[in-house]
Amino acid sequence: MNSIPLSQQARPAAPAGQASYLDGLNPEQRAAVEALDGPVLVLAGAGTGKTRVLTTRLAHILATGRARPWEILSVTFTNKAAREMKERVGRLIGQGVEGLPWLGTFHSIAAQILRRHAELVELKSSYTILDTDDQLRLMKQIIQAEGIDEKRWTPRFLGSLIDGWKNRGWTPDRVPEDQKWIFAEGAGQKLYEIYQARLQVLNACDFGDLLLHNLTIFQNHPDVLREYHRKFRYLLVDEYQDTNVAQYLWLRLLAQGSHNICCVGDDDQSIYGWRGAEVDNILKFEKDFPGAKVIRLERNYRSTGHILGAAAGLIAANRARLGKTLWTEDDPGEKVQVKGIWDGEAEARYVGDEIERWVKDGRKHSDIAVLVRASWQMRAFEDRFLTLGLPYKVVGGPRFFERAEIRDAHAYFRLVRSSDDDLAFERIVNVPKRGVGETSVQKLAQVARGAGISMAEAARMLVETDEIRGPARTGLKVFLRDLDRWAQMAETMRHDELAEIVLDESGYTAMWREDKTPQAAGRLDNLKELVRAMGEYDSLEAYLEHVALVSDLDTASDGDEVSLMTLHAAKGLEFPLVFLPGWEETVFPSQRALDEGGTASLEEERRLAYVGITRARERAVITFTANRMIFGRWQSVLPSRFVDELPADHADASSETGYYDSGPGFEGFGEPANPMASSYSSPGWRRYQAATNEGRKGSPPVIEGKAKLIDSAESSSKWRAGDRVFHDKFGYGTVRRADGAKLTVAFDKAGEKKVVDSFVRELP
DNA sequence: AGAAAGTAACTTTTT
DNA sequence: GTTACTTTCT
């Protein structure tokens with residue numbers, strides 16, 4: 001791993017100040033690059049040159065001879081970020097970066113470390129990394145084995161619970177008392193123990209374990225930790241605001257050596273709280289790392305003044321933040337556009353039209369991104385783009401390695417490699433159909449468990465007896481014979497050749513060839529692509545290790561396409577023109593955030609909105625609709641509170657059509673209109689509804705007296721404060737405020753809600 | 001065992 | 001609207 005020729009090691013220290021890589025850095029960036037000693041936190045706002053600082057700092061450490069390439073630990077969150085850093089450092093120091101063996105994601109580096117010390121946590125260094133699918137199936141087995149009702153206590157719930165515990169650095173014995181009761185009347189911790197024991201038998205670990213085992217090793221074996229203290233002279237951490245507790249503990253342990261830890265991040269862009277990320281980590285950095293320097297990067301090189309102003313105004317509503325003020329020397333540019341639209345289809349049509357206009361003006365499709373809160377929102381845009389013939393690509397969509405056919409194929413390969421991989425065995429014994437149904441598999445599992453052997457071994461025994469008969473028996477016999485044969489071939493054959501043979505001879509490819517569903521062809525293509533990708537690795541092991549930690553294959557096609565993606569996927573990217581559709585309550589902020597997480601998760605939604613706006617360089621267009629199809633039902637929806645929070649100075653709600661206005665200062669529902677936005681205050685909502693509805697036919701359908709916005713809007717005085725009403729979903733309630741069609745109702749059970757009057761009726 | 005039909009549940013976001 | 005899962009039937 002550390003095999004770089006001596007000639008490529010530390011280059012002679014360049015006199016500081018003359019180093020060309022420092023040219024063009026602003027004073028703050030330069031300070032962040034040059035502050036090499038002790039802990040440093042770089043608060044890098046959106047578009048302030050974060051990656052540049054990170055890579056230049058790395059180059060600087062090398063160029064000044066402070067450390068050699070393998071003495072620097074650089075961690076990122078995603079593989080993409082790691083790749084980008086490698087590339088850019090390579091360009092800066094003008095040589096290959098194979099010499100940076102410790103640049104990678106938290107998970108890949110933890111996996112490397114774990115391989116070297118696996119025996120210290122009772123694993124073999126050949127351990128496999130389970131994907132979420134395997135994990136869930138394990139959970140399910142355990143829940144069933146323990147006789148717990150899996151309807152009430154789903155494997156998925158247990159999975160995310162255990163995952164959460166791991167993210168907080170809790171091994172089964174450290175789970176706090178009150179947490180144990182979250183699952184199945186106190187069985188949670190016991191199930192966690194059983195799960196870990198199963199993993200150990202399988203010589204496997206899940207994503208969370210990679211970090212957690214590292215922690216266990218470091219805590220129980222100070223000598224090992226010291227080894228890494230000596231090894232890592234500098235630590236660099238990207239996206240620090242996204243670290244969870246386990247990652248934080250891991251970093252803190254490692255930093256005890258040199259104390260030279262530099263974390264780069266932006267608390268305003270912390271959007272992974274739902275996955276265990278702790279904004280707190282970045283908020284308390286100075287406390288955790290005494291003597292830390294904090295450097296703020298606030299000069300933005302990406303967006304226009306208005307875009308920054310709109311984003312700043314929005315994020316100012318958050319309380320838990322360190323506070324930064326982005327500024328730019330660029331033009332103010334044009335204000336952020338905010339537009340209300342009738343429904344989702346019309347929204348997609350509008351976005352499509354705007355895109356065509358932009359392109360007609362000589363700009364490129366690839367300048368444009370459409371950023372949505374959740375992936376289900378993409379379909380409307382895909383539909384529309386397809387009809388218009390607009391070239392587009394979905395970024396971060398269905399992941400290659402998560403597709404069923406790829407997982408099936410991997411299960412075959414894993415099984416050929418080691419026949420005791422029960423999870424793989426179970427996955428594909430009967431794919432394609434071999435007559436081995438559920439009952440046979442149950443029997444195998446039971447025997448295997450009882451005898452402490454693998455399911456493949458159990459199968460070998462049982463096919464010789466009468467325990468399993470009929471088609472299951474012959475099917476298993478053939479399957480076992482094939483496995484043996486392939487295992488033998490593996491000794492001599494190239495792994496990608498073998499892969500092809502396994503897939504063919506097992507009947508797996510044939511299964512898809514005979515499948516007549518439209519996706520079948522794509523699946524066969526994926527399998528071909530899989531075999532091709534395998535060829536790029538030296539061995540099956542190397543390949544499997546890689547895919548376990550990577551979610552996507554490099555997709556090279558950089559055509560001239562509009563990018564369609566979720567807001568999460570957009571972090572770190574930028575586009576001249578950005579569309580932000582779906583800014584409605586319950587969509588964005590999402591219902592889930594509204595229901596569960598309280599203020600914290602609402603603030604996270606707001607940060608997501610902030611991330612969205614700050615992706616735009618020249619122009620940002622926010623849209624919201626009055627009606628949206630959610631869960632297959634038409635619902636009337638209200639503009640997002642984030643729309644109200646946009647400062648009128650930087651956001652423009654007036655629109656060219658007669659549609660009307662809403663938007664900044666849209667008279668937010670019963671509350672005093674935003675004073676900053678008074679110029680926008682207007683009784684626009686009703687006019688907007690009336691106007692739009694007139695221009696539209698048919699959609700959304702008017703169902704069962706619902707969605708009759710027009711009627712209800714016009715009969716504005718049907719309800720008054722104090723009236724008792726009934727709502728299908730929320731039950732009985734008392735009207736608190738009535739503002740045209742919009743009611744604020746205090747429901748007896750559901751609490752205070754804002755609803756449109758067509759959804760309530762008189763008491764039955 | 002396997003296919004068809006009917007049902008619940010649900011949609012974030014990723015290593 | 002979809003998908004994953006369960007029940008029912010052959």
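Only heavy atoms go into these numbers, but all of them, side chains included; no hydrogens, no water, no symmetry mates. Proteins get letters first, then strands, A, B, ... in listed order; numbering begins at 1 in each.
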>> Applying side chain to side chain contact (heavy atoms under 4.5 Å, CB included), can you list everything that pairs with A:Ser126, at least two apart in sequence or on another chain?
In response: A:Lys124, A:Asn203
To the side chain of [X], which of [options] is closest?
X        : options               : result
A:Asn79  : B:dT15, C:dG1, B:dT14 : B:dT15
A:Ala569 : C:dT2, B:dT15, B:dT14 : B:dT14
A:Lys433 : B:dA1, B:dG2, B:dT15  : B:dG2
A:Trp274 : C:dG1, B:dT14, B:dT15 : B:dT14
A:Tyr272 : B:dA3, C:dG1, B:dT14  : B:dT14
A:Glu402 : B:dA1, B:dT15, B:dT14 : B:dT15
A:Thr439 : B:dT15, C:dT2, B:dA1  : B:dA1

With heavy atoms under 4.0 Å as the rule, sort [X] into base, sugar-phosphate or nothing.
X        : result
A:Phe106 : nothing
A:Asn430 : sugar-phosphate
A:Ser590 : nothing
A:Ser108 : nothing

Considering residues at least two apart in sequence or located in another chain, which fulfil the ring pair (Phe, Tyr, Trp, His ring centres under 6.0 Å) criterion with [X]?
X        : answer
A:Tyr195 : none
A:Phe381 : none
A:Phe385 : A:Tyr392

Spacing of [X] atom [atom1] relative to [N] atom [atom2], expressed in whole Å:
X        : N      : atom1 : atom2 : result
A:Glu345 : C:dG1  : CD    : P     : 11 Å
A:Lys140 : C:dT6  : NZ    : P     : 6 Å
A:Phe400 : B:dT15 : CZ    : P     : 16 Å
A:Met629 : C:dT2  : CE    : P     : 9 Å
A:Glu382 : C:dT2  : CD    : P     : 13 Å
A:Glu438 : C:dT6  : CD    : C1'   : 11 Å
A:Arg434 : B:dA1  : CZ    : P     : 15 Å
A:Ile630 : B:dC10 : CD1   : C1'   : 13 Å

> Between the main-chain N or O of A:Leu212 and the side-chain N or O of A:Asp209, is there a donor-acceptor pair closer than 3.5 Å?
Replying inline: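 Between the backbone of A:Leu212 and the side chain of A:Asp209 there is no qualifying donor-acceptor contact (under 3.5 Å).
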> If you find the nucleotide of DNA chain B closest to A:Val436 and the one closest to A:Gly632, which residue's nucleotide is nearer the 5' end?
Replying inline: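 Whichever sits nearer the 5' end wins; that is A:Val436.
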> Do A:Phe106 and A:Trp250 have ring centres separated by under 6.0 Å?
Replying inline: yes
> Which residues pass the side chain to side chain donor-acceptor pair (under 3.5 Å) test with A:Glu146, sequence neighbours left out?
Replying inline: A:Lys190
> Do you see a donor-acceptor pair shorter than 3.5 Å between the side chains of A:Thr625 and A:Glu584?
Replying inline: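 The criterion, which ignores hydrogens and geometry beyond distance, is satisfied for A:Glu584 and A:Thr625.
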With a cut-off of less than 4.0 Å, is there a side-chain N or O of [X] near OP1 or OP2 of [N]?
X        : N      : answer
A:Ser440 : B:dA1  : yes
A:Thr78  : B:dT15 : no
A:Asn167 : B:dT15 : no

Considering only nitrogen or oxygen atoms on both sides, find all protein atoms under 3.5 Å from nucleotides 7-10 of chain C and state each distance.
none

